[in-house]
Peer 1: 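Got a structure here, written out as structure tokens. Questions coming.
This is a predicted model, so every value here is computed, not measured.
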Amino acid sequence: MTPRSTRTGEDAEDLDVEEVLALVNNSNGTHLPDPAARGEKDGTGTPRKPEGRHRATPWPEARDIAERAARSATRAARRDPVSVPLDAALGLTLATPLDALTDLPSFDTSAMDGWAVCGLAPWDVRDEGVLAGHTAQAPLTDGEAVRIATGARIPADTTAVLRSEHGHTDDKGRLHATRGVAPGQDIRPRGQECRTGDQLLPVGTLVTPAVLGLAAAAGYDTLTAVPRARAEILVLGDELLTEGLPHDGLIRDALGPMLPPWLRALGAEVTVVRRVRDDAYALRKAVTGSDADIIVTTGGTAAGPVDHVHPTLRRIGAELLVDGVKVRPGHPMLLARITETQHLVGLPGNPLAAVSGLLTLAEPLLRTLAARPAPEPYTLPLRDAVHGHPHDTRLVPVVLRGDQAVPLHYNGPAMLRGIAAADALAVVPPGGARPGQEAELLDLPWASAGIGVCFT
């Protein structure tokens, strides 16, 4: 998706000389030429007002601003924790500690298939075995054994469990051990993992599949968690197709299918994906009519004739917290506070530029709203040199190969081929990076190193 109105320093082939110079100046932190001075009008026919001088925000600072905005919104919203069934809790954050509701295991159990034995060998074997889920059998007597399955309740007075492969019966049906048997061997005693009331996990733990399993084992049917932030996606543009091949100047919308699962992976509940035509009134109506915590728009963040995001935010009195970021791709991204508890993230229209906006602004915003811990930063050396922007940070798709990050080709702002094969984005400082230079990495939510596709 490459809306005709999205122009950055990386796709400026069709700009005139004055506009190119303006973009270069903007990368140094100065303001783009005033739209009103160029005679541009907004979607209502009104000449665009001067936007005032501003400097694009450095990339690390933009992420910090998004985090602070989310903390402020959280304090203002005062959202209560929610009780969620286990099957709906994946990806949420615990709002209360996970305390054991029972001993684990709650009774002595067999850790292996074999025989529960009492005393010394040889043993007489009972006719009826012990299976998991069945009631306890009568206590064993000295010299007696009983067949037992993994997870079954240990009969009282059991000395140890003899594994199936470590025992055999003679022609009289008596059980013999082929190696020594130590008291307590292969028995999981009651409370080995935890006792009732033990704290298993603290507040702030991300609910993973393993956490769900632990919660179920500890006796939980529901979890008390931080509610998901509600996100609404506004896909802007008259040139976008939702099916079929591009034709007659129309292109397929790549962001409509991509953004909802990406935002869900970042912890949001996507309430609706709305398509909005290139019309200032339609955009204003969509923004003011939304009750989502976060509105995510695609395209329309530059200063072209159908770029209505800035004028709309001015008209509704929104506060621009970030208006352009010193990062490529994605320079014209923005973050605005609409109310104390509602924010708008304006993504550029080019697909990889939009991904850059997601990881720069949406990720820290949603992570903080979800009370998720910030990921520990880490670096890996780059296998190959990466060309840098003279003044801005670059985010470059990479795959992880052993202890190196391999930069991928097809990393232009309008391309998705590289990011589709990537495990992470490398943060490349202004000026670029040489082979072997350590680079900070931003993991993708579904990172799976080694998928077998590498466009190097």
Peer 1: Could you walk me through whether Leu94 and Val207 pass side chain to side chain contact (heavy atoms under 4.5 Å, CB included), step by step?
Peer 2: CA-CA 7 Å; Leu94 293 182; Val207 178; 3.9 Å; yes

Peer 1: Determine whether a donor-acceptor pair (N or O, by modelled atom type, separation under 3.5 Å) exists between the side chain of Arg71 and the backbone of Thr368.
Peer 2: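 Answer holds: no.
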
Peer 1: Of the non-hydrogen atoms in Leu395 and Pro329, which two are nearest, and what is the gap between them?
Peer 2: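 Scanning both residues, the minimum pair turns out to be O-CD, 3.8 Å.
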
Peer 1: Tyr220 side chain to Leu212 main-chain N or O, any donor-acceptor pair under 3.5 Å?
Peer 2: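 Here the side-chain-to-backbone pair does not exist.
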
Peer 1: Mind listing the closest non-hydrogen atom pair of Leu86 and Ala216 along with its distance?
Peer 2: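 Minimum heavy-atom separation between Leu86 and Ala216: CD1-CB, 3.9 Å.
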
Peer 1: Side chain of Asp392, backbone of His389: donor and acceptor closer than 3.5 Å?
Peer 2: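 Judged by distance alone, no pair lies under 3.5 Å.
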
Peer 1: Identify the heavy atoms of Val235 and Thr298 that sit nearest to each other, and give their distance.
Peer 2: CA-OG1, 3.3 Å

Peer 1: Nearest heavy-atom pair of Ala336 and Leu320: which atoms, and what distance?
Peer 2: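 That closest heavy-atom pairing would be CB-CD2, 4.1 Å.
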
Peer 1: Please name all residues satisfying side chain to side chain contact (heavy atoms under 4.5 Å, CB included) with Thr109, sequence neighbours left out, ordered by chain then number.
Peer 2: Pro105, Phe107, Arg188

Peer 1: Give a yes or no answer on whether the side chain of Thr205 reaches the backbone of Leu201 with a donor-acceptor pair at less than 3.5 Å.
Peer 2: no

Peer 1: Between Ala229 and Leu369, which heavy-atom pair has the shortest distance, and what is it?
Peer 2: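 Minimum heavy-atom separation between Ala229 and Leu369: CB-CD1, 3.9 Å.
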
Peer 1: To the nearest 0.5 angstrom, please state how far the CZ atom of Arg163 sits from the CE atom of Met112.
Peer 2: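 Rounded to the nearest 0.5 Å, the CZ-CE separation comes out at 3.5 Å.
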
Peer 1: Sequence neighbours left out, what passes salt bridge (charged side-chain N to carboxylate O under 4.0 Å, His left out) with Arg153? Give chain and number order.
Peer 2: none

Peer 1: Does the pair Leu240 and Arg252 meet the rule for a side chain to side chain contact (heavy atoms under 4.5 Å, CB included), with working shown?
Peer 2: CA-CA 5 Å; Leu240 303 177; Arg252 278 297 297 272; over 6 Å; no

Peer 1: How close do Thr312 and Ala280 get, heavy atom to heavy atom, and via which atoms?
Peer 2: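 That closest heavy-atom pairing would be OG1-O, 4.1 Å.
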
Peer 1: Would you mind listing every ring pair (Phe, Tyr, Trp, His ring centres under 6.0 Å) that reaches into residues 248-274, with sequence neighbours excluded?
Peer 2: Trp262-Trp446

Peer 1: Under 3.5 Å, side chain of Gln192 to main-chain N/O of Pro189, donor-acceptor pair present?
Peer 2: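 Such a contact is absent between Gln192 side chain and Pro189 backbone.
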
Peer 1: May I ask you to check whether over 12 heavy atoms, not counting those of Glu340, lie within 6.0 Å of atom CD?
Peer 2: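 No, because the 6.0 Å sphere around CD of Glu340 holds 12 heavy atoms or fewer from other groups.
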
Peer 1: Do other residues, nucleotides or ligands put more than 12 heavy atoms under 6.0 Å from the CZ atom of Arg195?
Peer 2: yes

Peer 1: The criterion is salt bridge (charged side-chain N to carboxylate O under 4.0 Å, His left out); which residues satisfy it with Asp291, sequence neighbours excluded?
Peer 2: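 Scan of Asp291 (salt bridge (charged side-chain N to carboxylate O under 4.0 Å, His left out), adjacent residues dropped) gives Arg230.
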
Peer 1: With salt bridge (Lys or Arg N to Asp or Glu O under 4.0 Å) as the rule and sequence neighbours excluded, what pairs involving residues 345-370 come up?
Peer 2: Arg63-Glu363, Glu67-Arg367, Glu363-Arg367

Peer 1: Are any of the side-chain heavy atoms of Asp323 and His310 separated by less than 4.5 Å?
Peer 2: yes

Peer 1: Is the shortest side-chain heavy-atom distance between Met258 and Leu416 below 4.5 Å?
Peer 2: yes

Peer 1: Decide, yes or no, whether a salt bridge links Asp108 with Arg190 under the criterion of side-chain N to carboxylate O below 4.0 Å.
Peer 2: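 Arg190 and Asp108: not salt-bridged.
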
Peer 1: Under the side chain to side chain contact (heavy atoms under 4.5 Å, CB included) test, which residues partner Thr196, sequence neighbours left out?
Peer 2: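 Here the qualifying residues are Asp103.
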
Peer 1: Could you work out, with ring-ring contact (aromatic ring centres under 6.0 Å, His included) as the rule, every residue matching Trp59, not counting sequence neighbours?
Peer 2: none

Peer 1: Please answer whether the main-chain N or O of Gly91 pairs with a side-chain N or O of Arg372 as donor and acceptor at a distance below 3.5 Å.
Peer 2: yes

Peer 1: Main chain of Ser356, side chain of Thr360: is a donor-acceptor contact present, judged purely on distance under 3.5 Å?
Peer 2: yes

Peer 1: What is the distance from atom CG of Leu425 to atom CD of Glu440, rounded to the nearest 0.5 Å?
Peer 2: 11.0 Å

Peer 1: I'd like to check the side chain to side chain contact (heavy atoms under 4.5 Å, CB included) partners of Val203; sequence neighbours left out, ordered by chain and number.
Peer 2: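 Residues passing side chain to side chain contact (heavy atoms under 4.5 Å, CB included) with Val203: Pro97.
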
Peer 1: Do Leu365 and Ile294 come within less than 4.5 Å of each other through their side chains, counting heavy atoms only?
Peer 2: yes

Peer 1: Can you confirm whether Ser110 sits close enough to Ile154 that some side-chain heavy atom of one is under 4.5 Å from a side-chain heavy atom of the other?
Peer 2: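 A side-chain contact exists here, since the closest heavy-atom pair is under 4.5 Å.
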
Peer 1: Could you tell me the separation between the CD1 atom of Ile338 and the CD1 atom of Ile295, rounded to the nearest 0.5 Å?
Peer 2: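 Output value for this atom pair is 4.0 Å.
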
Peer 1: Apply salt bridge (charged side-chain N to carboxylate O under 4.0 Å, His left out) to Arg274 and list each qualifying residue two or more places apart in sequence or on a separate chain.
Peer 2: Glu232

Peer 1: Side chains of Gln404 and Arg401: donor-acceptor distance under 3.5 Å anywhere?
Peer 2: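 No donor-acceptor contact under 3.5 Å links the two side chains.
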
Peer 1: Not counting sequence neighbours, which residues clear salt bridge (charged side-chain N to carboxylate O under 4.0 Å, His left out) with Glu61? List them please.
Peer 2: none

Peer 1: Working to the nearest 0.5 angstrom, can you tell me the gap between His331 NE2 and Thr393 OG1?
Peer 2: 11.0 Å

Peer 1: Give a yes or no on whether the backbone of Asp278 and the side-chain of Asp238 come within a donor-acceptor separation of less than 3.5 Å.
Peer 2: yes

Peer 1: Between atom CG of Leu334 and atom CG of Leu347, what is the distance when rounded to the nearest 0.5 Å?
Peer 2: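 Result: 8.5 Å between the selected atoms.
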
Peer 1: Given Arg79 and Asp293, is the side chain to side chain contact (heavy atoms under 4.5 Å, CB included) satisfied, shown in steps?
Peer 2: CA-CA 11 Å; Arg79 294 185 298 167; Asp293 302 302; 4.0 Å; yes

Peer 1: So do the side chains of Leu223 and Leu98 get within less than 4.5 Å of each other, counting heavy atoms only?
Peer 2: yes

Peer 1: Indicate yes or no for a side-chain donor-acceptor contact from Asn350 to the backbone of Ala353 under 3.5 Å, with no hydrogens or angles considered.
Peer 2: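 Checking the backbone N and O of Ala353 against the side chain of Asn350, no donor-acceptor pair under 3.5 Å is found.
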
Peer 1: In sequence, state the C-alpha distance, the side-chain angles, and the governing distance for Val226 and Leu92, and then conclude on side chain to side chain contact (heavy atoms under 4.5 Å, CB included).
Peer 2: CA-CA 6 Å; Val226 177; Leu92 297 181; over 6 Å; no

Peer 1: Any side-chain heavy atom of Leu408 within less than 4.5 Å of one from Val399?
Peer 2: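 Contact flag for Leu408/Val399 side chains = yes.
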
Peer 1: At what distance, to the nearest 0.5 angstrom, does CG of Leu263 lie from CD of Glu269?
Peer 2: 12.0 Å

Peer 1: Tell me, please, which residues at least two apart from Thr102 pass side chain to side chain contact (heavy atoms under 4.5 Å, CB included).
Peer 2: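 Testing Thr102 for side chain to side chain contact (heavy atoms under 4.5 Å, CB included), a comparison that skips the adjacent residues, returns Leu104, Ser106.
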
Peer 1: Looking at Glu319 and Arg337, is any side-chain nitrogen of the basic one under 4.0 Å from a carboxylate oxygen of the acidic one?
Peer 2: yes

Peer 1: With side chains defined as the heavy atoms from C-beta onward, is the minimum distance between Leu283 and Leu234 less than 4.5 Å?
Peer 2: yes

Peer 1: Is Pro435 close to Asp384 at the side-chain level, that is, under 4.5 Å between some pair of heavy atoms?
Peer 2: no

Peer 1: Among all residues two or more places apart in sequence or in another chain, which pass the side chain to side chain donor-acceptor pair (under 3.5 Å) test with Asp113?
Peer 2: Thr150

